[in-house]
Participant: 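Can you read through this structure? Questions will come right after.
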Amino acid sequence: MFSRNYKIVAARRFEVSLDKVDTAAGNALVRVDYGAICKADLRYYCGNRDAKTLGLKFPMCLLHEAIGTVIRTAPGAPEKGSKVVLIPNIPSFACLKGECGHQVCRELGDNYCPAAKFCSSNTDGFSQEIVACQPYQLLPLPSMEDEKTAVFCELISIAASLLRRAKGFADKMKAAAVWGDGILGYITSCVLTELYEQPQVVGMNQQKLDMFPSKGSYTVSEASEKIGQFQIGFECVGGRGSETAINQMIDCIQPGGVLVLGGVSEENPAINTRKILEKGLTLLGTTRSSREDFEVAVELLKRPRFYQNIHALVLDTLEINHISDYYHAFDKAMNIRDLGKDVLHFHF
Amino acid sequence: MNIALILAGGKGTRMGMVDRPKQFLDIYGTPVLIHTLEAFEVHPEIDKICVVCLNDWHDQVKIWLRQYDIGKVYTLVDAGADRQGSSYNGLKNIEENFGKDNIVLIHDAARPMVSQRIISDNIAAAREYGACDTVIPTQDTIIRSEDGQMLSDIPLRSQLYLGQTPQSFQLDVIIRAHEEYLAKQDRPVVTDDCGLLVQQGKAIKLVDGDKLNLKITSFDDLLITKAIIRTSRMGNL
């Protein structure tokens, strides 16, 4: 059996590729229904990585945010016909069996295992007609009014992983602040609201911040003076804004507080370590989520308020009938300034 | 129900191979027929599959069905004297087993790269219009010649398409078309199932095909198919 796949082969160059599907026993097969484009995908599309990195990655299927339908099941996988969220982490077999020699996997999760793979980073992503998956990668979705909302499961799982990373500081969660007016900041605020209390939020764009569930929103220019006390801060800024955000968080947080860094930056931010020491702050970092974070995401989507908050992030549904539609989706994604994403509906 | 009728009755004479027909050739470890069957096997809207093939190949096909875990194939039917005969044998078997109130997708075994989207679109069009044909627009100018020596006509390219498969029908519609054709004394030349309906002035909806849904008819086609797949495999280096 063959699968039509969209692969990036060079910056701003996709090709249709016909791949033989790995039908080995143990693999479930999933037809990809919906996907969404992440900033990491856009960096590959624009060629915003060094030449060596790109040379080692291309050709590769992009997208790690997707949902689909199981068309052939396997032991331990959801039954045929199930709607599922696709988990982009592929742990090593040793990790799955609990026999991995790396200590970090046991402490932080299998997604930190040096032997783990991540779709659309060091292995093919989900821009495929049919994906062969390990059962670990599939989680059944609850029925929901608009199933494409579940495309945001991956981002919800990242927000859940930020909270999981700080689970030793649960007593501080009710006095939380979130920096970042993008999708991750928004979703982190939604998750905090569901599991603890509404956070205070800080960002560049007041209009976007007005959409956040929060008990106070502040622009970056006013936050230092106006923000109330908080004991744990979540940095969801990333990119060039990371440095300003992290330093402002260090300035504003209560002594003994915890900062959880979740924004990805290629810029090596210079941060005020002196004040970290003075205040006795704890800094935690996290990126990729684990299956348990996806399980939290799926559970949260069963809550009507949370579902509505996430559904509000769907800006448009783009029908992908042809590779030219796929190009169009990427070009459009580069210019999205609103809070949310387009969802790609695949018809390979 | 939606039932796929896979025509695997060809002898492969155009391939110039003597030991096995084209639909049983191997593409990187898997027979062409199995690649084709897998596309229908995993499609959630396909309920059953009927395979038409030469009697001599029944045992081998049964072995492959077990080996590759193809569970939707409910029977193997003997091929007819030509494509029309094979198609009719399969259609009658489906009617005997499941009645006339079904959708049937007739597909060449030698088109292993059929997409899930094409199958879905065929089912929807057959249900709505009673009959459909999978086509792609022709990129090349088509030349008509009556004697094979001199150009007779250049038809308007925008009105020309290349026919692929599946061709899909409500079962009673296509069986009736076959039977009306067989009842004729002076039968016109018809090369496929949609051709029967065209002869009888029936409406057929066009469904978008795909260039990759090519038919392995000649040795060149096999090379092209294998080259397409080989190129894709470079990404795994």
Participant: So, taking the atom named CZ in A:F2 and the one named OG1 in B:T225, what distance separates them when rounded to the nearest 0.5 Å?
Facilitator: 7.5 Å
Participant: Pick one of side chain, backbone, both or neither for A:T123, based on which atoms fall under 4.5 Å of a heavy atom in chain B.
Facilitator: neither
Participant: For the atom pair CG (A:L29) and CD (B:E41), what is the distance rounded to the nearest 0.5 Å?
Facilitator: 10.5 Å
Participant: Salt bridge check, A:R4 against B:D210: does any charged N sit closer than 4.0 Å to a carboxylate O?
Facilitator: yes
Participant: Hey, does the side chain of A:H347 reach the backbone of B:R117 with a donor-acceptor pair shorter than 3.5 angstrom?
Facilitator: no
Participant: Counting only heavy atoms from other residues, nucleotides and ligands, does the tally under 6.0 Å from NZ of B:K48 exceed 12?
Facilitator: no
Participant: Step through the shown structure and confirm whether more than 12 heavy atoms of other residues, nucleotides or ligands are within 6.0 Å of CG on B:D101.
Facilitator: no
Participant: Kindly give the heavy-atom pair with the smallest separation between B:I27 and A:K20, and that separation in Å.
Facilitator: O-CE, 4.3 Å
Participant: Determine whether A:V16 and B:L212 satisfy the following criterion, side chain to side chain contact (heavy atoms under 4.5 Å, CB included), listing intermediate values before the conclusion.
Facilitator: CA-CA 10 Å; A:V16 179; B:L212 288 174; 4.0 Å; yes
Participant: Taking atom NZ of B:K211 as the centre, does the number of heavy atoms from other residues, nucleotides or ligands within less than 6.0 Å exceed 12?
Facilitator: no
Participant: Please report the interatomic distance CD1(B:I228) to CG(A:D19), rounded to the nearest 0.5 Å.
Facilitator: 12.0 Å
Participant: Please assess A:I71 against B:H43 for the test side chain to side chain contact (heavy atoms under 4.5 Å, CB included), listing each intermediate value before the final yes or no.
Facilitator: CA-CA 7 Å; A:I71 56 176; B:H43 194 286; over 6 Å; no
Participant: Please check: side-chain N/O of A:E129 versus main-chain N/O of B:Q116, any donor-acceptor pairing under 3.5 Å?
Facilitator: yes
Participant: Give a yes or no on whether A:K39 atom NZ has more than 12 heavy-atom contacts from other residues, nucleotides or ligands under 6.0 Å away.
Facilitator: no
Participant: What residue, out of B:A39, B:S115, B:S120, B:P112, has the most heavy-atom pairs lying under 4.5 Å from chain A?
Facilitator: B:S115
